[in-house]
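What follows is one structure encoded as structure tokens, with my remarks underneath.
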Amino acid sequence: LVRSRGLGDVYKRQIMDKFRAVWEKIDAVLFQLLRHVCAVILGALVAVVFYIFFGRYVMHNSPMWGEPFSLLCLVWLSLLGSVLVVRKNEHLAVTMFDEKLGKTGVFVTDILSAVCVVGFSIFLIVYGIKLAQSGASNNMAGINVPYAFMYSALPVTGVLNIFAVLGHWVMGRKEKK
């Protein structure tokens with residue numbers, strides 16, 4: 001049997017369309033969940049910091065667990081929030097040369113940006129896992145949670161960043177430029 005070139009291209013397009021549809025559903029659920037997790041962490045952070053302030057300056061008795069817990073929330077919120085920024089392509093970027101570079105130049109800088117984010121994400125994964133392993137035997141004072149839990153925010157962020165960058169290329173989504 002001899003297939004025409006056009007028919008193979010149709011099959012490839014159909015497969016890619018199905019893949020893109022599945023990817024979009026996973027992407028939507030994952031990042032909606034991430035937004036809710038960030039909102040919960042932010043709410044907990046605000047409540048705990050207010051409680052620390054109230055305890056320290058009004059009741060003259062600050063809770064021992066307050067500062068380590070707020071540190072834990074701040075680390076996770078900062079790193080997970082950065083994933084949402086990468087996903088929407090709202091991270092800091094130098095765009096003053098975009099008009100002079102033309103479409104090809106902008107495409108090349110987009111590739112370079114994606115490579116940098118993926119490279120940094122791989123760094124977060126590799127060294128975040130090492131840091132979490134080294135912190136597994138030490139607990140945070142006041143909340144008795146291993147430091148590994150706080151450090152695990154690094155590899156989680158790395159994996160989610162890679163997923164976000166891949167989403168830009170799979171779905172052709174460039175939300176902000």
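Nearest heavy atoms, Val165 versus Val117: CG2-CG1, 3.5 Å. Counting all heavy atoms, side chain and backbone alike, Ala132 lies closest to Ala148 at O-CB, 3.1 Å. Annotation for Asp27 and Arg87: closest pair OD2-NH2, 2.6 Å, computed over non-hydrogen atoms. Annotation for Trp76 and Ser152: closest pair CZ2-OG, 3.3 Å, computed over non-hydrogen atoms.
In this structure, CG in Leu74 is found 10.0 Å from CE in Met150, a value given to the nearest 0.5 Å. Rounding to the nearest 0.5 Å places CD1 of Ile162 at 11.0 Å from OG1 of Thr157. A distance of 5.5 Å separates CG in Asn161 from OG in Ser82, rounded to the nearest 0.5 Å.
A 4.5 Å side-chain heavy-atom check between Phe31 and Val83 finds at least one atom pair inside the cut-off. No side-chain heavy atom of Thr109 sits less than 4.5 Å from a side-chain heavy atom of Ser113. Leu30 is listed as a side-chain neighbour of Leu160, based on a closest heavy-atom distance under 4.5 Å. A 4.5 Å side-chain heavy-atom check between Val156 and Leu80 finds at least one atom pair inside the cut-off. Residues Arg20 and Asp17 form a side-chain contact, since some pair of their non-hydrogen atoms from C-beta on lies under 4.5 Å apart. Residues Val126 and Ile122 are in side-chain contact: their nearest non-hydrogen atoms beyond the backbone lie under 4.5 Å apart.
The salt bridge (Lys or Arg N to Asp or Glu O under 4.0 Å) pairs that include a residue from residues 114-126 number zero, where partners must be two or more places apart or lie in different chains. Sorted by first and then second residue, the pairs that involve residues 126-148 and meet ring-ring contact (aromatic ring centres under 6.0 Å, His included), not counting sequence neighbours, are Phe123-Tyr127, Tyr147-Tyr151.
A search for ring-ring contact (aromatic ring centres under 6.0 Å, His included) contacts involving Phe107 returns Trp169, not counting sequence neighbours. When the ring-ring contact (aromatic ring centres under 6.0 Å, His included) test is applied to Phe69, no partner is found at least two apart in sequence or on another chain.
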Please tabulate, for the side chains in residues 35-64, all donor-acceptor contacts under 3.5 angstrom to protein atoms that are two or more places apart in sequence or on a different chain.
from  : atom 1 : to    : atom 2 : distance (Å)
Arg35 : NE     : Gln32 : OE1    : 3.4
Arg35 : NH2    : Gln32 : OE1    : 2.7
His36 : NE2    : Gln32 : NE2    : 3.0
Arg56 : NH2    : Glu67 : OE2    : 2.5

Quiz: residues 133-145 side-chain donor-acceptor pairs under 3.5 angstrom, not counting sequence neighbours:
from   : atom 1 : to     : atom 2 : distance (Å)
Ser134 : OG     : Leu131 : O      : 2.8
Asn139 : ND2    : Asn144 : OD1    : 2.8

Worked check of side chain to side chain contact (heavy atoms under 4.5 Å, CB included) between Ile111 and Val115 = CA-CA 6 Å; Ile111 290 173; Val115 167; 4.3 Å; yes
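There is a path of hydrophobic side-chain contacts, each under 4.5 Å, that joins Val22 to Phe163.
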